[in-house]
Amino acid sequence: MTKAPPARLQTLLTLALAFALPTGALRLAAQDLGEPAIAPSAEEINREGFTLHPAGAVEANNWAAEPPKIRFNFAITRADEQPFEGLTESAIEARIGTPPAEPLGARLESSSNAESDAVILIDVSGSMKGPKLEAAKSAVAGFLGNLREEDSVEIIVFDNTPRTVYEFGRDKSAAQDAFAGYEIVDSPGTALYDSILDAMERAQALEVRNVVVLTDGVDIVAYDRARSEEEKNQFKQEKEERILQTSRERGDIRVFTIAVGDREATDINEAGFVDVASLDRIAKGTNTLEYHYVDLPKLEAIRDTFGPAAYQQALVESLTAVLNTISEAFHYDYVLELDLDPASIEQGRRSSGEIIFWVGAVGLPVTFDYIWRRGEEFPRIDPPVASPYFIRPPEGLNGWDLTQIYLQFAGALMALALVPPVGGWLRSRRLAREALKAVTVIQRGSPLAGAQCPNERDKLGQSFLLQVGEAAIVCPKCGRAHHVGCWEQSGDKCWVRGCGTHLALPEEVKKTYLAS
């Protein structure tokens, strides 16, 4: 039995929690079970004619104790949108952890054409019957049409058991016809986890890395009414851990998950309930960054306003867009795996990392935040436990007790008062670092040499073009290079019409490049 806290501590906790609980509730909401362990910068990085396309970073072995690893998928393209080849491990700098440390090792691999092959797993349980299945057929047809001639696919459907409707092959027309002719007759349930594992085993046998899963529901075993909440959670956790381990043990298989439904629904009895938390954990744990979502309530609002035909068309377009996004993720050219120093990893604490990819003299940086979870700290399924709240006032306090409590509480309030200015200072430093990264000195042979600044006017002639040795700032959004003076003149904003990205120049940049 837990002892009650001393009276003075009890009163202090009562006062502190009265102020802290609203903040704590927001923090719990922000750190919901679906929070990514690693959140990479999703925007493309443009520098001097080269573009880095980040696909995402994930923990490579979050069930193992040592050594910690991070895996990062990305592509680099030239100004002509052709892929850049020849990147080596020696051209990569990384600082990971708190305090920042270089990785103990790095392995860089190039993707092969086989990366575009896929096993597609589609839910055909009773809830998919009708518009959702027909939309899936149309979207899969579009997905198959976007694949290359040499790409192969296999299509598997599942309810309480998986069944192959098109065996692995390159005949996209035959694959489309096979799935188009499938009809749902009777569906006794949805074996989501076992079907995913079956598809992963099939992918491993075929030497395929990509598994695409589309579902509008939940695993029927996990939500069996006869099971207790503890049994359900234990079952789900064991299945999810097995899927993540299978991904690594069988050749780093990636599972792209698509949830069709209402992610605001919290109970299996609610219309549109789909297990987005589980699908999200599976996606993130198998290196696909996050799950994909088709917002069914929003599409149903279209049906209610414009009719069934408009709803069907919107459903097809939503699923097609998701599948197109997934197919694009097949083509990232590089996979980088970093071995981290265990001393730089603190369990359960948010930290940060930066990786710079050097293409000649051009550095392409990507930054991310993450929370490391080792071994037994697999993301829990159990809901967060609310903090205790002491509502019974203590008795028998004397004047000195109250004075101590007042002084401690006043100190806590003074500390809270420092949060806004400190937060503002940290934000200003972060923006300054972003601005410094955007500034580059134009080298000989750079595609920026001789380029037009967006503020250039024809009457100014060639002397106003960007010159070798000059400093330029590259807009982080549109990628256009500006004279540093022009950027400042516009109010620290991009001159390109329709862009207008704001990025304040730090004083050290102005002193260095704008000195009279």
Side-chain angles (χ1 to χ4, degrees), residues 39-54 74-81 84 93 352 354-369 420-516:
S41 56
E43 295 184 1
E44 297 177 345
I45 310 298
N46 300 288
R47 293 288 187 279
E48 298 197 33
F50 294 99
T51 303
L52 173 72
H53 308 269
F74 65 98
I76 297 177
T77 55
R78 303 176 184 271
D80 59 3
E81 298 186 356
F84 171 79
E93 293 182 20
S352 62
E354 179 181 51
I355 307 174
I356 302 177
F357 302 90
W358 289 97
V359 183
V362 180
L364 303 169
V366 62
T367 60
F368 53 87
D369 295 327
V422 171
W425 179 82
L426 291 174
R427 182 174 181 275
S428 68
R429 297 307 302 160
R430 178 178 62 79
L431 294 175
R433 288 195 299 271
E434 291 180 4
L436 284 171
K437 289 179 182 178
V439 174
T440 181
V441 176
I442 300 173
Q443 306 292 324
R444 189 175 301 277
S446 168
L448 295 183
Q452 289 185 337
C453 172
N455 188 33
E456 181 183 353
R457 301 292 185 269
D458 292 338
K459 65 181 180 180
L460 297 173
Q462 296 296 316
S463 62
F464 203 67
L465 299 178
L466 294 169
Q467 306 293 327
V468 173
E470 284 187 327
I473 180 168
V474 181
C475 175
K477 182 177 181 181
C478 70
R480 289 290 299 277
H482 303 62
H483 290 100
V484 175
C486 294
W487 187 273
E488 185 197 37
Q489 182 182 346
S490 68
D492 287 341
K493 292 191 300 184
C494 178
W495 277 90
V496 176
R497 180 174 297 180
C499 181
T501 296
H502 183 272
L503 188 62
L505 293 175
E507 288 302 318
E508 52 262 42
V509 170
K510 294 180 181 180
K511 289 178 181 178
T512 303
Y513 300 114
L514 296 179
S516 55

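Given the structure is predicted, the values throughout are model-derived calculations rather than measurements.
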**Study point:** Spacing of NZ belonging to K493 relative to SG belonging to C475, to within rounding of 0.5 Å
**Key:** 12.0 Å
**Study point:** Non-hydrogen side-chain atoms of E354 and V366 separated by less than 4.5 Å
**Key:** no
Point to revise | Residue list, side chain to side chain contact (heavy atoms under 4.5 Å, CB included) with E93, at least two apart or on another chain | key: I356, W358
Exercise for review: Run through L364, T77, I45 and flag the one making a side chain to side chain contact (heavy atoms under 4.5 Å, CB included) with F50.
Suggested key: L364
Check your understanding: Among H483, H482, R480, which residue meets the side chain to side chain contact (heavy atoms under 4.5 Å, CB included) test with W495?
Key -> H482
Check your understanding: Does L503 offer a backbone N or O that forms a donor-acceptor pair with the side chain of W487 under 3.5 Å?
Key -> yes
Check your understanding: Out of curiosity, I442 CD1 to E48 CD, how far, rounded to the nearest 0.5 Å?
Key -> 7.0 Å
Check your understanding: Who pairs with V474 by side chain to side chain contact (heavy atoms under 4.5 Å, CB included), at least two apart in sequence or on another chain?
Key -> T440, L448, A481
Point to revise | Closest approach of R47 to P365 (non-hydrogen atoms, all atoms of both residues) | key: NH2-CG, 4.2 Å
